[in-house]
Number of protein chains: 2
Amino acid sequence: MEFKEAKNKFVQTWGALGSQWGINKTMAKIHALLMVSNEPVSMEDIMEELQISRGNASMNLRSLMDWGIVYKEYKAGERKEFFTAEKDLDELAVKISRERSKREIKPTLKILKEVSTIEAKDSAEEKHFVDQTTKLYDFVLKADNMLDKMTEFNDNWLGKLVMKMMK
Amino acid sequence: MEFKEAKNKFVQTWGALGSQWGINKTMAKIHALLMVSNEPVSMEDIMEELQISRGNASMNLRSLMDWGIVYKEYKAGERKEFFTAEKDLDELAVKISRERSKREIKPTLKILKEVSTIEAKDSAEEKHFVDQTTKLYDFVLKADNMLDKMTEFNDNWLGKLVMKMMK
DNA sequence: TTAAACTTTCAAAAATAATTGAAACATATT
DNA sequence: AATATGTTTCAATTATTTTTGAAAGTTTAA
């Protein structure tokens with residue numbers, strides 16, 4: 001396989017993966033493209049490489065910057081804007097994790113708290129509902145904290161210990 | 001808030017969450033409904049509660065069973081089929097985690113391996129590509145294993161240790 | 001202040017994904 | 001074997017999401 005083919009394959013694969021999670025395909029592709037580029041890329045080049053419109057490129061770059069995983073750069077002398085992706089993977093994971101927590105997990109926890117604290121009458125049905133949603137609340141909270149700590153303590157002894165556990 | 005309202009709120013919320021990840025909204029709603037039901041639910045009831053068609057219910061129940069998080073049950077004397085959800089959350093997490101790994105992470109790893117092992121010419125561009133995709137391969141592999149072990153060793157000392165770390 | 005270079009916005013169009021409903025398929029009952 | 005009860009499939013429809021492209025907006029420079 002030669003370089004151009006490999007690059008394309010990578011970008012398409014990352015795009016498909018993104019769409020399987022909540023991220024749109026083009027957004028993921030742009031991110032992929034930037035991750036494997038060794039220097040800042042202009043909007044023109046992104047449009048050209050991915051065959052997308054200016055509006056599309058602009059909107060998805062905006063989203064990526066909102067997520068904090070793509071940065072705008074200015075080259076001296078050049079009028080155009082250039083873009084780079086966060087390339088440090090640990091840092092990337094932290095940012096994605098934080099963002100998803102903020103956008104999805106926290107609001108969900110709020111609702112779970114609400115619905116799990118209704119006054120349960122004595123029907124088995126209602127008791128089960130309260131019981132199950134309470135467990136869910138605890139579980140989601142635990143998982144959220146865990147993810148948070150895991151990304152935070154990336155390179156330290158705990159991380160290494162966990163690594164060792166994996167043989 | 002009264003029971004019916006709380007139940008509905010929970011189902012809608014869980015549905016929205018699902019659609020934000022790769023799972024379709026109705027599928028997530030059915031799962032939510034079953035999780036908070038204290039006894040098996042018939043397809044009729046699911047259709048009624050979620051206001052969806054028979055075909056839709058059937059197809060999404062099939063998917064949920066493929067994921068291994070919903071089971072079919074037969075009630076003695078009844079001709080109809082009933083459905084229940086996996087209610088143990090640790091078990092649920094393990095199954096979802098395994099399934100996503102199989103469906104998404106493993107295929108991605110395969111591609112990453114492929115593209116990261118092209119013969120890099122000496123251009124900085126190609127070197128960076130190989131370097132970055134190799135790092136990505138290692139990272140994804142590490143994350144996949146970690147998730148696997150984490151779910152596997154759920155209740156044991158490692159889990160508890162990690163919990164303690166979180167204060 | 002005008003023009004040139006570039007970016008953003010957003011309504012309309014296109015693409016994609018989910019849903020319906022009725023026919024085909026199963027299985028149990030009479 | 002015929003009927004009744006229930007489930008699955010899938011082509012057509014409907015809903016949702018993404019993309020386009022041109023007008024409006026911004027910034028820099030002459």
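Naming: A, B, ... by sequence-line order, numbering from 1 per chain. Please read these numbers as outputs of a predicted model, since none were measured by experiment.
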Grab the [atom1]-[atom2] distance between [X] and [N] for me, whole Å please.
| X | N | atom1 | atom2 | result |
| --- | --- | --- | --- | --- |
| B/Asn60 | C/dA18 | CG | P | 9 Å |
| B/Asp66 | D/dT9 | CG | C1' | 15 Å |
| A/Lys75 | D/dT28 | NZ | C1' | 19 Å |
| B/Met59 | C/dA18 | CE | C1' | 8 Å |
| A/Arg62 | C/dT7 | CZ | C1' | 10 Å |
| B/Met47 | C/dA18 | CE | C1' | 16 Å |
| B/Asn24 | C/dT19 | CG | C1' | 10 Å |
| A/Ile30 | D/dT18 | CD1 | C1' | 12 Å |

At less than 4.0 Å, is any side-chain N or O atom of [X] found next to OP1 or OP2 of [N]? Yes or no.
| X | N | value |
| --- | --- | --- |
| A/Lys80 | D/dT28 | no |
| B/Arg54 | C/dG21 | no |
| A/Ser58 | C/dT9 | no |
| A/Lys72 | C/dT8 | yes |

Between A/Asn60 and A/Thr26: side-chain donor-acceptor atoms closer than 3.5 Å: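 Side chains of A/Asn60 and A/Thr26: no pair found under 3.5 Å.
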Short side-chain donor-acceptor distance under 3.5 Å, B/Lys87 and A/Gln132: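 There is no such pair (donor and acceptor under 3.5 Å, judged by atom type) between the side chains of A/Gln132 and B/Lys87.
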A/Met43 side-chain proximity, nearest of C/dT7, C/dT20, D/dT20: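 The answer is C/dT7.
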Minimum-distance nucleotide to A/Ser53 side chain [options: D/dT18, D/dG21, D/dT9]: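 Looking only at heavy atoms from C-beta outward on A/Ser53, the closest nucleotide is D/dG21.
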Proximity of B/Phe129 and A/Phe3 rings by center, below 6.0 Å: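 They qualify: ring centres under 6.0 Å apart.
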Output field: ring centroids A/Tyr74/A/Phe82 closer than 6.0 Å: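 No, the ring centres sit 6.0 Å or more apart.
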5′-ward residue of the pair A/Thr26/B/Glu44 relative to DNA chain D: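 Counting from the 5' end, the first nearest nucleotide belongs to B/Glu44.
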Base of C/dT27 paired with side chain of B/Arg79 (donor-acceptor, under 3.5 Å):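 Yes, the side chain and the base share a sub-3.5 Å donor-acceptor pair.
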Same apolar cluster (I L V M F W Y, side chains within < 4.5 Å links), A/Ile46/A/Met59: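 No, it is not one cluster - the side chains of A/Ile46 and A/Met59 are not joined through contacts under 4.5 Å.
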Sugar-phosphate, base or nothing in reach of A/Asn56, heavy atoms under 4.0 Å: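 Here A/Asn56 touches the bases of the nucleic acid.
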DNA chain C: 5'-proximal contact among A/Met65 and A/Lys25 (nearest heavy atom):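 Checking each residue's closest nucleotide, the 5'-ward one belongs to A/Met65.
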